[in-house]
Amino acid sequence: MALIQDDIDFKGQELTEKLMQLILIVFAVISFVVGFIMQSVRISCYIMLAGMIITALVILPPWPFYNKNPIKFLPVQKKEVEEKKEKEKKAN
Amino acid sequence: MYSFYNRGSTLLNFLCTVLPALLICLALTSPILLKKSNPEVNINIENVYMKKFSSAFKPVNEKEAIMFTKYIYHYPYRNAPRGDMALMDFDLDADLTSVFNWNVKELFVYLVYEFQKPKQEFNQVVIWDYIITDKKDAHIKGKNIESKYLVTALDNKLKGVQGNLTLYWDIIPNTGLLIQKSKGNVVVPITKIESY
């Protein structure tokens, strides 16, 4: 998506992956246990579907808490050629 | 995980691991649940009719007319083979409610007549079938049910045949293996020929 700023920082990327695995596995276990107790595959399917939607909502949008540790770049250093030209200008 | 598409792709990828794992767990529960089931089957034979048929046969009474229609339906071509055809009337009381669990999509219930011939040692003929899709309908109770299909033999001779009538059911699961079970043996001789 080039239209909006959707990239997140490295710590955020690690967090999304962990969150995704945790939420999906927890929902899979819940759906299996509830379906087994209620003896209904339909209920189990609906719980898993809800799990997918929740996971997508949590990890897909670039939420602000994924951007708490932005990368700090070093300040831009001027090139030597430009410095020489500036010196020449000063000399003139 | 840096962009929207990348996260979506990873999510779908991980779903392809989680969902099959869930389905495998579902399939593994089915044999455990089936061990607990105790279906009860009672088959009782009311009447056995046997008659020699050919395309030129002219039915005399109602039963023969029914059998002749089934015979024509069984061989829908011009020169149907001449031969013995048998039809059975039976009582069935089968309680398959306990077979149903969360991994059962439907049951295909069928009555099989198994008999021996000198040349063919093992013959199976399906004489009646029924599909159960709901747990509420799983108790089959019927008196004097007429079999749907005719009993025939490869050499077209049924006189003196003595066979077993067994109820089979195929358990069609949501996921996993299709399991076939059977119960209730009743010996049915086709010796007494109903003559009209």
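The sequence lines fix the lettering, A, B, ..., with proteins before strands; numbering per chain opens at 1. The structure displayed is predicted, hence computed values, not measured ones.
Residues A/Phe36 and B/Thr29 meet the side-chain proximity criterion, which asks for heavy atoms closer than 4.5 Å. Counting only heavy atoms from C-beta outward, the side chains of A/Leu24 and B/Leu11 approach each other to under 4.5 Å. For the pair B/Arg7/A/Pro62, a side-chain contact is recorded, criterion being any heavy-atom separation below 4.5 Å from C-beta on.
The number of heavy-atom neighbours closer than 6.0 Å to NZ of B/Lys70, taken from other residues, nucleotides and ligands shown, is above 12. Around the CD atom of B/Glu40, the shell of radius 6.0 Å holds no more than 12 heavy atoms that belong to other residues, nucleotides or ligands.
There is a path of hydrophobic side-chain contacts, each under 4.5 Å, that joins B/Leu12 to B/Leu23. When the side chains of ILVMFWY residues are joined at heavy-atom separations under 4.5 Å, either directly or via intervening members, B/Tyr149 and B/Leu87 end up in two distinct hydrophobic clusters. At a threshold of 4.5 Å between side-chain heavy atoms, the hydrophobic network of Ile, Leu, Val, Met, Phe, Trp and Tyr places B/Leu28 and A/Val29 in two separate groups. No path of Ile, Leu, Val, Met, Phe, Trp and Tyr side chains, each step under 4.5 Å between heavy atoms, connects B/Val112 with B/Trp128, placing them in separate hydrophobic clusters. Hydrophobic clustering (ILVMFWY, side-chain heavy atoms < 4.5 Å, transitive): B/Ile131 and B/Ile179 are in distinct clusters.
Interface remark: A/Ser40 contributes backbone atoms only to the contact with chain B (heavy atom separation under 4.5 Å). For B/Leu26, the parts lying under 4.5 angstrom from a heavy atom of chain A are both the backbone and the side chain. For B/Asn174, the part lying under 4.5 angstrom from a heavy atom of chain A is the side chain only. Proximity to chain B (any heavy atom under 4.5 Å) is shown, for A/Glu14, by neither the backbone nor the side chain.
In this structure, CD1 in A/Ile59 is found 9.5 Å from CZ in B/Phe4, a value given to the nearest 0.5 Å. Taking OH of B/Tyr2 as the start and CG of A/Asp6 as the end, the distance is 9.5 Å to the nearest 0.5 Å.
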What do the steps show when you test A/Gln13 against B/Asn6 for side chain to side chain contact (heavy atoms under 4.5 Å, CB included), and what is the final call? CA-CA 10 Å; A/Gln13 288 176 29; B/Asn6 205 303; over 6 Å; no
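Nearest heavy-atom pair across A/Met52 and B/Leu15 is CG-CD2, 3.7 Å. The heavy-atom pair separating B/Val18 from A/Ala28 by the smallest distance is CG1-CB, 3.6 Å.
Although no hydrogens or angles enter the test, the distance criterion places a donor-acceptor pair under 3.5 Å between the side chain of A/Gln39 and the main chain of B/Trp102.
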